[in-house]
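Values in this document were obtained by computation on a predicted structure and should not be read as measured data. Each ligand, and each atom within it, is numbered from 1 in the order the structure gives.
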Amino acid sequence: MKQTVLVSGGAGFIGSHVTVELSNAGYDVVIADNMSNCDETNYNGVCKILGRKLPLVKMDFCDAEAVDKLFETYSIDAVIHFAAFKAVGESVAEPLMYYRNNLVSFINLLETARKRKDGCNVLFSSSATVYGETDKLPVTETSPRQPATSPYGNTKQMCEDILRDSVKAYEGIKGIALRYFNPIGAHPSALIGELPRGVPNNLVPFITQTAIGKRACLSIFGNDYPTPDGTCLRDYIDIVDLAKAHVCAVARMLDGKMKEEYEIFNVGTGTPLSVMELVTAFEKVNNLKLNYKFAPRRSGDVVAIWADPTLANKELGWKAERKIEDTLAAVWAWEKHIA
Ligand code: UDP
């Protein structure tokens, strides 16, 4: 019998790509999303890619009764929890909104999970932001977490801890936290991708919107960092590769392959790329010139961070495969698709 994975926040950027890869791997997927930060573009794209309609439950995970009802309606074998707010700046301005939404939704999910007699496998979408600024690069899963610099980052750390402690206390709950580096890209079909609301905070959507003329000029934040070309270094992970890491993690949980009841994996390429290198690669692969300028450093940015993905390579049997050129061609195709 097919196993069913619940994807909370499954209509969003990462959730939609994960839904496609889970379905391709033979899982049934139930999407739950309150649509607070997205429309149905990606959901429709997912259905088009798969050639069938998937269940989309419009609900808020902050509503405990709705979460209970969801688990009564569907027989769920594993949950991937994406439903969370994610804008760093907004979280600084509206901390309570972030703490309420990101913590309550996750707690509700775990409350429901612990009541089930069959237990539950829970995958939490965490972030490399938990590592903060560090000199010891690349970072491994045992690199110390630094105090969060924003309420958003803090909710990622707190949810990791909530999962760790719940796994310890409640029999039958198993958990994996995946720490993403910088997810970028779009599906090769150009039917799903990132849909930022308003002015994008992240680099790649800002690049594509500048290239298409929605933004006048990209500001490169800081060119006097102690890096080879003076711009920050990041580990840009292709969204389809990232999605496949989730499939491997779900299979590990469902197939009883976990070595601990709570595990953490870095999901990155292991290769740092500078902002300037990324911009140049985007121009080259898409054969265009981008309007950009150097601007002052953005507050809160770390100089450099990239993953040591050895543990995920070894334990999940997963490795980042897509070339950066293909990823940057895909984001441009997506931007043109939604134009
Ligand atoms: N960045 C930039 N211009 C932008 C957006 C981002 O120069 O308009 C830089 C940012 O300073 C950082 C890198 O691009 O060095 C990645 O930023 P992003 O916000 O995409 O991800 P983060 O690493 O902050 O999570």
For [atom], closest protein heavy-atom neighbour:
atom                    : value
atom 18 (P) of ligand 1 : N202 ND2, 3.5 Å
atom 23 (O) of ligand 1 : R234 NE, 2.6 Å
atom 20 (O) of ligand 1 : L203 N, 2.9 Å
atom 5 (C) of ligand 1  : N201 O, 3.4 Å
atom 24 (O) of ligand 1 : R298 NH2, 3.0 Å
atom 22 (P) of ligand 1 : N182 ND2, 3.5 Å
atom 9 (C) of ligand 1  : V275 CG2, 3.9 Å

Test item: N108 side-chain N/O and C62 main-chain N/O as donor-acceptor pair under 3.5 Å:
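Indeed, once roles are kept as given, a pair shorter than 3.5 Å links the two residues.
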Mark yes or no for whether D235, through its side chain, and A307, through its backbone, hold a donor-acceptor pair below 3.5 Å.
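Yes, because the side chain of D235 sits within donor-acceptor range (under 3.5 Å) of the backbone of A307.
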Examine F221 against ligand 1 and note whether any of their N/O atoms are separated by less than 3.5 Å.
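Yes; the residue has a nitrogen or oxygen that sits under 3.5 Å from a nitrogen or oxygen of the ligand.
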Any nitrogen or oxygen of V204 lying under 3.5 Å from a nitrogen or oxygen in ligand 1? Just yes or no.
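The answer is no, given that V204 and ligand 1 share no N or O pair closer than 3.5 Å.
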Run the side-chain contact (heavy atoms from CB on, under 4.5 Å) test on L70 and V57 for me, step by step, so that the C-alpha distance in whole Å, both residues' side-chain angles and the decisive distance to 0.1 Å come before the verdict.
CA-CA 8 Å; L70 185 67; V57 183; 3.8 Å; yes
Atoms in ligand 1 flagged as close to [X], the criterion being non-hydrogen separation under 4.0 Å:
X    : answer
C232 : 15 (O)
I220 : 7 (O)
S219 : 2 (C), 3 (N), 4 (C), 7 (O), 8 (O)

Could you pull out the closest heavy-atom pair between H81 and S105, with the gap in Å?
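Answer, listing the atom of H81 first, then S105: NE2-OG, 3.6 Å.
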Is it the side chain, the backbone, both or neither of I305 that has a heavy atom closer than 4.0 Å to ligand 1?
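It is neither; nothing of I305 touches ligand 1.
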What do you reckon, does Y236 put a non-hydrogen atom under 4.0 Å from ligand 1?
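Under 4.0 Å: yes for Y236.
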Answer yes or no: is there a side-chain heavy-atom contact under 4.5 Å between F282 and L278?
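When only atoms from C-beta onward are counted, L278 and F282 do not touch, as no gap falls below 4.5 Å.
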Would you please say whether a donor-acceptor pair under 3.5 Å links the side chains of Y180 and N266?
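The criterion, which ignores hydrogens and geometry beyond distance, is not satisfied for N266 and Y180.
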If we count only N and O atoms by modelled type, under 3.5 Å, do the side chains of Y152 and E90 hold a donor and an acceptor together?
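The criterion, which ignores hydrogens and geometry beyond distance, is not satisfied for E90 and Y152.
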Under 4.0 Å between a side-chain nitrogen and a carboxylate oxygen: does that hold for R298 and D301?
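Counted as a salt bridge, because a side-chain N and a carboxylate O are separated by less than 4.0 Å.
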Look at atom CZ of R100 and say whether more than 12 heavy atoms of other residues, nucleotides or ligands are closer to it than 6.0 Å.
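12 or below, so no.
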